[in-house]
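Down below is the structure, laid out as structure tokens.
Below, chains carry the letters A, B, ... as their sequence lines are ordered, and counting in each starts from 1. Hydrogens, waters and symmetry mates are skipped; everything else that's a heavy atom, side chains included, is used.
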Protein chains: 2
Amino acid sequence: MSALDSRSESGATPRRTRVTDPEPVSVTLQDVATEARVSLATASRALNGGSRGVRSENRDRVLAAAARLGYVPNASAQATAKGSTQTVALVVSDVADPYYSAIAAGITDAAEANGLVVTMTVADRSPRRELELVRGLRGHRPQIIVIAGSRIDDGATERELIDELAQYRATGGRTALISQPGLPFPTVTVDNARGAETLARTMAEAGYRRYAIICGPNRIRTSLDRCRGFTAGLRASGIEAEDQVFIQTQFTRSGGYDAACELVERGLDGIELIFAVSDTMAIGVMTALRDAGLEPGRDVAVAGFDDISSAIDVVPALTTVEVPLREAGTEAVRLALSDDENRTVRIPTTVHVRASTPRAPTSSPAPTGPST
Amino acid sequence: MSALDSRSESGATPRRTRVTDPEPVSVTLQDVATEARVSLATASRALNGGSRGVRSENRDRVLAAAARLGYVPNASAQATAKGSTQTVALVVSDVADPYYSAIAAGITDAAEANGLVVTMTVADRSPRRELELVRGLRGHRPQIIVIAGSRIDDGATERELIDELAQYRATGGRTALISQPGLPFPTVTVDNARGAETLARTMAEAGYRRYAIICGPNRIRTSLDRCRGFTAGLRASGIEAEDQVFIQTQFTRSGGYDAACELVERGLDGIELIFAVSDTMAIGVMTALRDAGLEPGRDVAVAGFDDISSAIDVVPALTTVEVPLREAGTEAVRLALSDDENRTVRIPTTVHVRASTPRAPTSSPAPTGPST
DNA sequence: TTGAAAGCGGTACCAT
DNA sequence: ATGGTACCGCTTTCAA
């Protein structure tokens, strides 16, 4: 009803260049065609197919008309007509988390390079919400759906998610996951285990013997993988299990803080290095140590994981494992677009040794407490 | 061509519930209608208008059929038919920047609360790119376009942007800007000037007399406003211009680092407090000071702006001005949806005094260099 | 209450 | 090279 009233049928009213009229309806391709005195079909060709099969004179007239009228093609209409859109749908657990915003940045880069726009939705770390989002997103018929988020063990929901994605793919959709491998779809995986392992070996080589390992809930695969990788690295370096203390806590800064407090309370007992499975947690650890009168890096070494930007700004600078999140994002788009069925791409990590783990640890036989 | 081959015209083939077939076409409303033995129109009503005018028996059959078939409405088709979409388009300068990702989080919250999905695009801090994006976005006919980013003075592009947004609004679109006021559209503004002014007054009250102010390029309004606000606060507190040193640099961490180096090199000359117009810069300043053998907070006080999360994790904890970015985001959506034409909403800020500006400054007359 | 049919803004095939 | 037109999937009159 809104589209019929104020528009001329076929040049009945003289065309006017003025934009001043308060006409509430946007310019359509038909308007452009009329203005350029060509058919709808020709206008479409002129605007899309380059110069393919349109006399340049006509093409110019169409282009001019479009510009004059301020024509912007209706993406939805194009999508319905073509049966496909030019978008990539991204589901992240949390935008405000630098981890995911870095991934989002990578995806946005890659998408724009391919002429796609990104639609982003936030699952709030809930598998349930994630599922709902994917379901809704399917309705937008995006070219690609990318889901970024650590798998959280939750059988039923996971199965439904797999169904949903499978249906999506069955109808020609493309997908990529950024998380742990295990789901039957193309997956970009950060090599958490190997990164943690390398870190552990490096620390062992630097002379550290007694460790505390602070990790998050085991349901969170990212945490678990890093934890396991680290202990694997220690084992390979000949560090006994009795020289490893584990604390499980929240996967957050305050989780790290609390764990470190607990550690200090019960007595450090010769622990030389505290490894927290994320930088955020590690920073909490450092603050807790300092609050307890201990100097991180001198009294106890601290290491983290992620290499978030503030890792180099805390004091002492934090030893950590760099995760190229942005690359993970671009890689996900590449993978989804490629025809590699169900491939898993591992993104390598890099260890950065900094001041929080000085080369020479506090020598070896210090059975009771830190240096005071 | 892909849509015609494998689908039955009107129940010629018996319907099957199996999903195993490799049929590359998705389920349409027509399929659901046929399956439920009602007309297209009735199916549409059943799925949309609640129970309005559909016999409950039929409605149930439609719903069942839809569920059985895994029907997901085609958002693009709905959009073309209805002439409007259920999306809010967000243009940010940089997702990876916590400043914008916090805003994005707020917008996402508000959008989802209103049943809208967010499409996010990144302008890379380029006004030109921003303009192109808005132009492209218009094609998606979003309900709302939100642009988040400090205005950058650039006359021509700005004018074009205004045109583009005006056309968008003329065709029924809604907009909100998160930036400085000045453009003829509803705007959410962080009260940078007032925040900086309050900070300055607080610091003056704490006893600081001699200041260095490190800011970014004047083109960036956010920087300029904070700078001006700070000096206004100093002036109001009776601090003379001769007690204020200005350094202009990049609006980044390394900009802050460099500026602090310069400051140290030329001799601190009694400067008691360094104010950097963003936390990121302030953190660069702190690292530079430390690298130069000075202890931030003891030898020179440091203050920033934004209250990014790492502000409390650096040592000493950084005095700064909190900006409720997430609220700015939600407010923008609210504003766009409301019918307040061209209103400007100011978001208030909060000063947090921390260890980087201890109460008692290093007394007064120390004309040459820092304490050594 | 229901179904037929006319759009929505485009795309792409088919003649000419 | 160009125009006519069927069609994309869905919404919404308009009669029945």
Any chance you could lay out the side-chain contact (heavy atoms from CB on, under 4.5 Å) test for A:Thr87 and A:His140, step after step, and finish with the verdict?
CA-CA 9 Å; A:Thr87 70; A:His140 288 84; 5.6 Å; no
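Here the P atom of nucleotide D:dC10 and the CD atom of B:Gln30 are 9 Å apart, to the nearest Å. Between the CG atom of B:Asn48 and the P atom of D:dC10 there is a distance of 10 Å, rounded to whole Å. The distance from atom CD of A:Gln78 to atom P of C:dG10 is 7 Å, rounded to the nearest whole Å. Regarding B:Leu40, its CG atom lies at a distance of 11 Å from the C1' atom of C:dA5, rounded to whole Å. Here D:dT11 presents its P atom at 11 Å from CD of B:Gln86, a figure rounded to the nearest Å. Look at CD on A:Glu57: it is 13 Å from C1' on D:dT2, rounded to the nearest Å.
Taking the nucleotide of DNA chain C with the nearest heavy atom to each of A:Leu29 and B:Asn58, the more 5' of the two is matched to B:Asn58. Summary of the strand contacts: A:Lys82 and B:Thr42 both lie near DNA chain C, and taking for each the nucleotide with the nearest heavy atom, the more 5' one is attributed to B:Thr42.
You'll find a donor-acceptor pair under 3.5 Å spanning the side chain of B:Thr80 and the base of D:dG9, going by distance alone. Not a single donor-acceptor pair, N or O on each side, falls under 3.5 Å between the base of C:dG9 and the side chain of B:Arg141.
At C:dT11, one or more side-chain N or O atoms of A:Ser44 fall inside 4.0 Å of OP1 or OP2 (strictly under the cut-off).
In terms of modelled atom types and a separation under 3.5 Å, the side chain of B:Arg125 and the main chain of B:Gly149 share no donor-acceptor contact. In this structure, A:Thr34 contributes its side chain and A:Gln30 its backbone to a donor-acceptor pair below 3.5 Å.
Counted by atom type alone, B:Thr175 and B:Arg169 present one or more donor-acceptor pairs between their side chains at under 3.5 Å.
Comparing the local axis fitted to the first five base pairs of the helix from C:dT1-D:dA16 to C:dT16-D:dA1 with the one fitted to its last five gives a bend of 40°, rounded to 10°.
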